[in-house]
Amino acid sequence: MIHSEASHPGSESGPKGECRVSSVFQNRRQFLWHSGGGLGGVALAYLLGRDGLLAGATKGKPDLNGGLHHKAKAKRAVQLFMSGAASQVDTFDYKPELIKRHGEKFDPGGKVELFQSSPGDCMKSPWTWKQHGECGKWVSSLLPNLATCVDDMAFLPAMVSKSNVHGPATFMQNTGFVLPGYPSMGAWIGYGLGSLTDNLPAFVVLPDSRGFAPNGPTNWSAAFLPAAHQGTMIRPTAKNPIHDLNPPEKSEITPESEADGLALLNKLNREHEATREGDSRLEARIASYELAAKLQKSAPEVLDLSKESEATKKLYGLDERITEDFGRNCLIARRLLERGVRFVQIWSGADNGFPRRNWDSHEDLAKDHGDMGASMDKPAAALLKDLKAKGLLDDTIVIWTTEFGRMPCAQGGKGRDHNPFTFTSWLAGGGVKGGVTYGESDEWSYKAAEHPTYCYDLHATVLHLLGIEHEKLTFRHNGIDRRLTDVHGHVIQELLS
């Protein structure tokens, strides 16, 4: 009996089956090819590939505008992750009452749960506030460039986390779970929709040049999904931006010998794969080798910014030391998106160190957030404006988030402690209604007061815009139909255009 080897979101591959032909065991691909052969086999391969039923077929269906369950409003997404917990109190969540009570005892009623300190006095932001855009959104003077984009942005000021510890909270925003071992949003999107190009990965990660955020590369893991869907890390400022992409400098390998070696390796890999159907690790390894060969040609072109105009480089802040690194990553992200990468993640902030190199401003908020804000603000605004100028913002979702927020009271006089009870994220672009706000924090910006929003809701909304129903994008693992939104989440209709 021959079993279908088509797999799709919501199910695993069918049971393994073999067919006896002339007393010789053949795998299914061999049987179909020998049975159909020639033009018939080519036609069969075309039809299966068109419908996404070939093993390894990863492209979304064009008749659904790249979507999986319904017509999509967006084809791709880019996420800007502020590692270390960017303060909502000092960026987008304006609270006149906090300014009025600056220096007074912080007493919102009940016990105040902090991460590593006792509640200090109410502390207003060291930055001033002003309304911007037609929507009149209040933004602090820390972010003057993003303030000019508020009419394109939809704000979520009542975000809530289930942890006030960086590692678990970072996992939650990336994977929907506070524990390790679950796929990241980029991996889920790649699994559901596949790639828009054959020459670049579906999911690319640009970490902070100073190091990894808490959890490191497990933040962009595929976990139990097929291994091919994990994020591909690119470090543009490193000597080798992509690990092991090219031969060593003093190697005796020539372009000709490498091509011959790759051809032989491909032949051996395919023969090996044919006897081990259903092993996603093997398939992913072979796919990664094939993609690496293509990346040797495509990656240098993507990373080469020499053809970008001086005006564009200046827009992203490549001419200023404080914005150069994050600006380069944002510009490369735009180049990746326009060349068909499905999901790009850009990190602002590394692990803890002194002086601070992330958003975790326990000691001196004005200094640390001042540096991080200045490094992020101009490049992030440039990405929005550049995507919009090129017509890409219409079908590209831009996501700005962090793992949790910071307290409205002082820590040690000048810092702020962790606050999982409310923080701010925002969306822009593909199908997002600009200039709107969903939810509200209390008068202190201490806890969510109206429409508490979790990562599940944010993830469900992003998937919806990409043409995916979050409850239907599942993968059976250990007897459970797992999904990005776990058993939670709803699409935030108020943010949809």
Look at [X] together with [Y] and state whether they make a salt bridge at an N to O cut-off of under 4.0 Å.
X: Lys433; Y: Glu494; result: no
X: Lys137; Y: Asp151; result: no
X: Arg235; Y: Asp325; result: no
X: Lys313; Y: Glu310; result: yes

Check for a donor-acceptor pair, side chain of [X] on one end and backbone N or O of [Y] on the other, with a separation under 3.5 Å.
X: Thr422; Y: Pro157; answer: yes
X: Arg335; Y: Asp304; answer: yes
X: Asp386; Y: Leu383; answer: no
X: Thr170; Y: Glu403; answer: no
X: Gln131; Y: Gly136; answer: yes
X: Asn358; Y: Ser83; answer: no
X: His229; Y: Gly186; answer: no
X: Arg416; Y: Met407; answer: yes
X: Thr312; Y: Glu308; answer: no
X: Lys447; Y: Val160; answer: no

Should [X] and [Y] count as side-chain neighbours, where that means a heavy-atom distance under 4.5 Å?
X: Leu384; Y: Leu146; result: yes
X: Tyr456; Y: Val487; result: no
X: Ile332; Y: Val204; result: no

Whether over 12 other heavy atoms sit under 6.0 Å from Glu320 CD:
yes
Is the centre of the Phe203 ring less than 6.0 Å from the centre of the Phe343 ring?
yes
So that I know where these two stand, are Phe81 and Trp220 an aromatic pair - ring centroids less than 6.0 Å apart?
no
Which residue pairs pass the salt bridge (charged side-chain N to carboxylate O under 4.0 Å, His left out) test with at least one member in residues 203-222, sequence neighbours excluded?
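For residues 203-222, and leaving out neighbouring residues, the salt bridge (charged side-chain N to carboxylate O under 4.0 Å, His left out) pairs sorted by first residue read Asp208-Arg210.
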With distance as the sole criterion, is a donor-acceptor pair present between the side chains of His362 and His418 under 3.5 Å?
yes
Decide whether Asp486 and Tyr182 meet the rule of one side-chain donor and one side-chain acceptor closer than 3.5 Å.
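Absent: no donor and acceptor within the cut-off.
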What residue among Arg342, Arg76, Lys390 forms salt bridge (Lys or Arg N to Asp or Glu O under 4.0 Å) with Asp395?
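The salt bridge (Lys or Arg N to Asp or Glu O under 4.0 Å) with Asp395 is passed solely by Arg76 among Arg342, Arg76, Lys390.
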Against Val89, only a single residue in Thr424, Leu98, Asn419 fulfils side-chain contact (heavy atoms from CB on, under 4.5 Å); can you say which?
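Per the side-chain contact (heavy atoms from CB on, under 4.5 Å) rule, the option paired with Val89 is Leu98, out of Thr424, Leu98, Asn419.
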Option passing side-chain contact (heavy atoms from CB on, under 4.5 Å) with Phe404 (candidates Met172, Gln173, His166, Met159):
His166
Parallel, tilted or perpendicular: ring planes of Trp426 versus Trp400, cut at 30 and 60 degrees
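Rings of Trp426 and Trp400: parallel, as their planes differ by under 30°.
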Mind telling me whether Trp359 and His369 have parallel, tilted or perpendicular rings, with 30° and 60° as the class edges?
perpendicular
Given Asn174 and Gln345, is the side-chain hydrogen bond (donor to acceptor under 3.5 Å, both in side chains) satisfied, shown in steps?
CA-CA 10 Å; Asn174 279 289; Gln345 189 177 57; 2.7 Å; yes
